[in-house]
Amino acid sequence: MEPLYTPQGVEERWQRTWEEEGLYKAGAGARREETFVDAHPPPNVTGELHTGHALQLALGDAVVRTKRMQGFDVLFQPGYDHAGISTQNAVEKHLAKEGTSRQELGREAFVERTWAWLHEYGGTIMTQFRRIGASLDYSRERMTLDPEYTRAVMRFFVHLYRKGWIYRANRIINWCPHHRTSLSDLELIHADVDDTLSTIRYPLADGSGHIAIATVRPATIPGDVAVAVHPDDERYSHLVGKEAIVPFVERRVPIIADERVEPDFGTGALKITPGHDPKDFEIGRAHGLPEPMAIGPDGLMSDLVPELAGLTQKEAEGRILDWCKERGQLEEREHYRHSVALCERCHNRIEPLISLQWWCAMGELKQPALAALRERRVRFHPESQHRFAIDSLENAPDWCISRQIWWGHQLPLWECPNGHVTCEESDPDACAECGSPELARSEDVLDTWFSSALWPFATLGWPDRTPELARYYPGDLQTTGREIIRLWENRMIFAGLELMGEIPFEDVVIHSTVLARDGRRMSKSLGTGIDPREVIGTHGADATRYGLLKMSSTQDVRFSDSMLEEGRKLTNKLWNVSRLLLTDAGSVEPDESPGSLEERWILARLEQTRAAIEETFARFDFAEAANQLYHLTFDDFCDWYAEAIKPRLSEPAVRGTALAALERLLKLLHPVLPHVTEEIWAQFHESRLIVAPWPEPDDSYAADLHALDRVQEAAAIFRRSGVAVELEGDEQR
RNA sequence: GGGCGCAUAGCUCAGCGGGAGAGCGCUCGCUUCACACGCGAGAGGUCCCUGGUUCAAUCCCAGGUGCGCCCACCA
């Protein structure tokens with residue numbers, strides 16, 4: 001054994017060995033009937049490991065490894081999300097480089113190309129999961145677009161459809177002109193942009209003056225169908241019921257009163273464009289107004305006004321403003337900074353459009369999940385996130401589940417020429433209503449999260465009643481980030497209750513967000529990301545896991561190199577104390593029969609820490625667990641115990657107890673530092689630590705703990721003075 | 001505009017009603033035979049501000065200030 005522990009090579013070797021020996025597999029080392037299941041969040045199939053993944057793996061794996069050692073039948077489920085828009089994006093970029101496009105290829109060829117592309121470039125992240133030592137059962141890897149998984153998605157859709165919870169509606173939705181698809185509110189990001197607020201006069205139809213409105217989007221003026229003011233706004237009450245003339249198109253529209261208008265903003269009068277603004281849409285529907293569309297799905301001007309058709313919004317805005325200016329109707333142009341919605345994938349500005357989409361009604365579907373959360377049968381940790389999960393679900397609007405892209409699960413809906421819709425899991429022969437054989441399948445695919453919602457049981461073979469499903473559902477634990485609570489966690493809960501009749505898991509650990517070193521958010525676009533692969537490469541997976549656990553305590557933590565460094569020192573310290581105890585050990589076997597006070601004391605401390613670790617893990621306080629392990633190793637095991645017995649190591653009894661104590665220490669450390677502990681374990685065992693039995697509760701040393709203070713005191717005196725202090729151990733009992 | 005969280009040693013963070021802590025950094029001393037990625041000793045803090053509750057507050061409460069995150073349809 002070298003004096004300097006080098007994780008490189010050692011870690012990869014154990015990762016291969018564990019997997020090759022089947023020790024990552026579900027049930028490996030199980031010594032009891034109870035199961036423990038963590039269906040790990042499936043990363044995007046095109047994704048690369050980021051710090052968030054690394055953290056949730058470190059947390060989940062620490063728990064999973066503990067449970068495995070405790071003899072549970074453990075399933076740590078890995079896999080991929082097909083990630084509809086994200087993957088389609090990546091492949092489209094690739095195609096653009098080749099000078100072609102998905103439109104040119106056509107749907108079928110595009111989907112084929114995407115599969116091929118994934119086989120070549122996708123799926124690398126599981127390699128990175130392996131490299132951090134995550135003991136997932138890689139032999140059970142699933143992907144949400146696998147044929148078997150797709151069956152589950154179809155079954156879910158048909159189930160909801162037959163319950164009458166899936167419906168089609170023409171509403172305003174978030175439209176990404178780049179992807180040419182609808183997006184749910186949860187797929188947007190918001191950004192502040194510099195804009196211009198124009199105040200424009202709308203002449204009154206009776207020629208008695210004008211009413212001025214403020215807008216940031218003059219290009220939507222052709223879609224105006226009303227001007228609205230607040231009912232209590234005395235400035236305008238005399239105008240309500242009159243008509244105004246929309247500039248440029250010179251259309252007469254009513255002036256209406258609606259409480260949704262904010263009297264303090266702009267002029268207090270709002271132009272109503274139901275086709276291009278969610279609030280206007282609401283007001284429009286409430287007043288029964290028409291919904292003309294001035295802008296098309298491509299983001300360009302529609303043929304609503306022939307002379308503007310095909311122009312960009314910018315160009316149309318210029319024409320319209322010029323028109324107003326010439327007639328003295330442009331009152332003011334002022335700088336205005338505000339927040340706009342962007343597509344989270346391409347960062348293009350969202351175009352609110354009215355569009356016919358499929359929706360999933362949430363009203364009834366969410367009720368059992370709400371009950372489960374309120375009754376705490378499912379618990380989010382920390383508590384603040386539990387409240388957030390409930391609030392989010394209570395306020396969850398109906399879910400827009402259709403997307404106009406090609407990569408994903410095509411809706412199992414067929415329409416006949418008479419407009420009847422048939423919903424079947426697989427190709428129907430004829431329309432269910434009129435028997436027409438001419439059926440056209442919906443072009444839309446499902447929101448990616450629709451399939452993710454089934455993860456805890458679709459990965460186990462549902463809708464078939466497989467033995468795995470019976471054994472591993474319901475599961476136990478989820479470790480994930482805040483941003484995914486509404487998108488995924490809540491949806492797994494209601495899908496699980498609806499289809500399986502049981503909650504999918506009991507505990508959801510919402511971990512901290514790791515910020516960049518400077519406290520900013522880690523993001524690719526800011527260039528603030530920290531690549532965990534590099535960190536693992538330089539510090540090792542063990543040190544990285546330890547560091548991440550230490551960073552996991554509060555809500556948001558800056559990435560801290562010193563936490564990793566602490567982990568690295570811990571591995572090295574452990575390595576070296578093991579050298580001391582294992583070198584020249586001869587044929588001495590671990591033998592836990594303590595003689596001296598310090599021996600009884602270290603065994604008691606190990607036992608005490610075992611209980612403490614179990615308790616902190618149960619609270620999901622991983623930072624505290626890491627802290628306790630650090631001090632147990634450094635202060636107690638190395639500085640006190642090892643120093644105390646060092647002069648007597650040649651005595652077989654002393655050595656035997658030391659090896660027994662080391663065994664216990666390695667077991668406690670293994671869930672956090674799996675590699676270095678397994679490497680040391682292998683120095684004196686044929687068996688594998690990963691499936692070694694976790695220490696059983698044992699109170700036989702508890703009585704020795706009270707001697708702690710005296711031992712430390714005596715040792716401190718000895719160090720300062722060189723004078724040994726006699727301790728009458730037995731008299732302490 | 002709502003919701004949540006954070007402000008403690010130079011840095012990153014624990015603690016949370018009665019003694020102010022860890023790791024790193026810093027100072028001093030150790031080529032001690034497991035480890036200099038080490039050992040020992042030490043310096044360093046009006047625990048953001050102002051009030052309140054209490055015998056007692058860094059910790060509880062109210063307000064303020066400064067940050068951060070999430071949610072939201074102010075054109």
Side-chain angles (χ1 to χ4, degrees), chain A residues 1-6 172 174 185-186 188-190 195 197-200 213-218 220 224 227-228 230 260-273 276-283 336 338-341 352 382-385 387-388 391-392 395 481-483 485-486 510 512-513 515 517-521 539-540 543 546-547 550-584 621 623-624 626-628 630-631 634-635 638-639 642-643 646-647 649 716 719-720:
Chain A
M1 292 173 84
E2 297 297 315
L4 185 62
Y5 174 67
T6 46
I172 195 146
N174 305 301
D185 292 345
L186 304 180
L188 312 181
I189 54 169
H190 295 267
D195 224 326
L197 186 66
S198 305
T199 305
I200 296 170
I213 59 89
T215 179
V216 288
R217 299 189 62 195
T220 64
D224 286 355
V227 171
H230 192 94
R260 280 163 278 218
V261 178
E262 187 58 60
D264 296 333
F265 186 87
T267 62
L270 175 64
K271 75 186 196 68
I272 300 299
T273 320
H276 302 291
D277 181 278
K279 184 170 176 175
D280 292 7
F281 175 80
E282 257 186 54
I283 295 176
Y336 182 57
H338 66 141
S339 163
V340 298
E383 183 59 28
S384 56
Q385 301 304 331
R387 292 196 303 273
F388 174 69
D391 286 353
S392 307
N395 299 318
R482 272 196 295 283
E483 68 280 4
I485 292 175
R486 301 187 311 160
I510 302 301
S512 51
T513 301
L515 304 171
R517 292 180 179 89
D518 59 6
R520 286 187 297 168
R521 203 175 168 70
H539 296 82
Y546 177 90
K550 279 251 38 200
M551 288 177 230
S552 72
S553 54
T554 58
Q555 277 235 331
D556 297 320
V557 193
R558 297 183 186 202
F559 187 88
S560 161
D561 295 288
S562 74
M563 302 275 184
L564 291 177
E565 196 53 27
E566 200 176 309
R568 216 161 63 85
K569 288 189 174 181
L570 179 59
T571 59
N572 196 59
K573 189 72 176 173
L574 181 68
W575 179 254
N576 277 296
V577 79
S578 302
R579 286 177 63 214
L580 169 71
L581 301 180
L582 291 167
T583 305
D584 301 324
D621 187 354
E624 176 59 19
N627 202 35
Q628 288 183 11
Y630 182 91
H631 290 290
F634 256 83
D635 302 349
C638 296
D639 289 359
E643 289 296 336
K646 195 154 56 172
L649 263 180
R719 283 190 180 160
R720 287 203 189 95

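Remember, it's a predicted structure, so these values are computed and weren't measured experimentally. Letters go in sequence order (proteins before strands), and every chain restarts at 1.
- Remark: A:Glu282 pairs with A:Arg260 by the side-chain contact (heavy atoms from CB on, under 4.5 Å) rule, at least two apart or across chains.
- For RNA chain B, the neighbouring residues in residues 560-568 of chain A, judged by any heavy atom under 4.0 Å, are A:Ser560, A:Ser562, A:Glu566, A:Arg568.
- The side-chain contact (heavy atoms from CB on, under 4.5 Å) check on A:Thr267 picks up A:Thr199, A:Ala212, A:Tyr236, A:Ala269, with sequence neighbours excluded.
- Residues that satisfy the salt bridge (charged side-chain N to carboxylate O under 4.0 Å, His left out) test with A:Arg217, not counting sequence neighbours, are A:Glu351.
- Where RNA chain B pairs in unbroken runs of 3 or more (Watson-Crick or G-U, both distances under 3.5 Å), the stems are B:1-7 with B:65-71, B:10-13 with B:21-24, B:26-30 with B:38-42, B:48-52 with B:60-64.
- Applying the salt bridge (charged side-chain N to carboxylate O under 4.0 Å, His left out) test to A:Arg486 and every residue at least two apart in sequence or in another chain returns nothing.
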>> What verdict does the side-chain contact (heavy atoms from CB on, under 4.5 Å) test give for A:Ile283 and A:Lys279, after you've listed the backbone C-alpha separation in whole Å, the side-chain angles of each residue and the deciding distance to 0.1 Å?
In response: CA-CA 6 Å; A:Ile283 295 176; A:Lys279 184 170 176 175; 4.3 Å; yes
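- Rounded to whole Å, atom C1' of B:G23 lies 16 Å from atom CG of A:Asn572.
- Residues satisfying the salt bridge (charged side-chain N to carboxylate O under 4.0 Å, His left out) criterion with A:Asp391, sequence neighbours excluded, are absent altogether.
- Checked against side-chain contact (heavy atoms from CB on, under 4.5 Å), A:Arg387 has the following partners two or more places apart in sequence or in another chain: A:Glu383, A:Ser384.
- Rounded to whole Å, atom P of B:C35 lies 11 Å from atom CD of A:Glu643.
- Checked against B:C35, B:A22, B:C13, the side chain of A:Arg558 finds its nearest nucleotide in B:C13.
- A search for side-chain contact (heavy atoms from CB on, under 4.5 Å) contacts involving A:Leu197 returns A:Ala214, A:Val216, A:Phe265, A:Glu334, A:Tyr336, not counting sequence neighbours.
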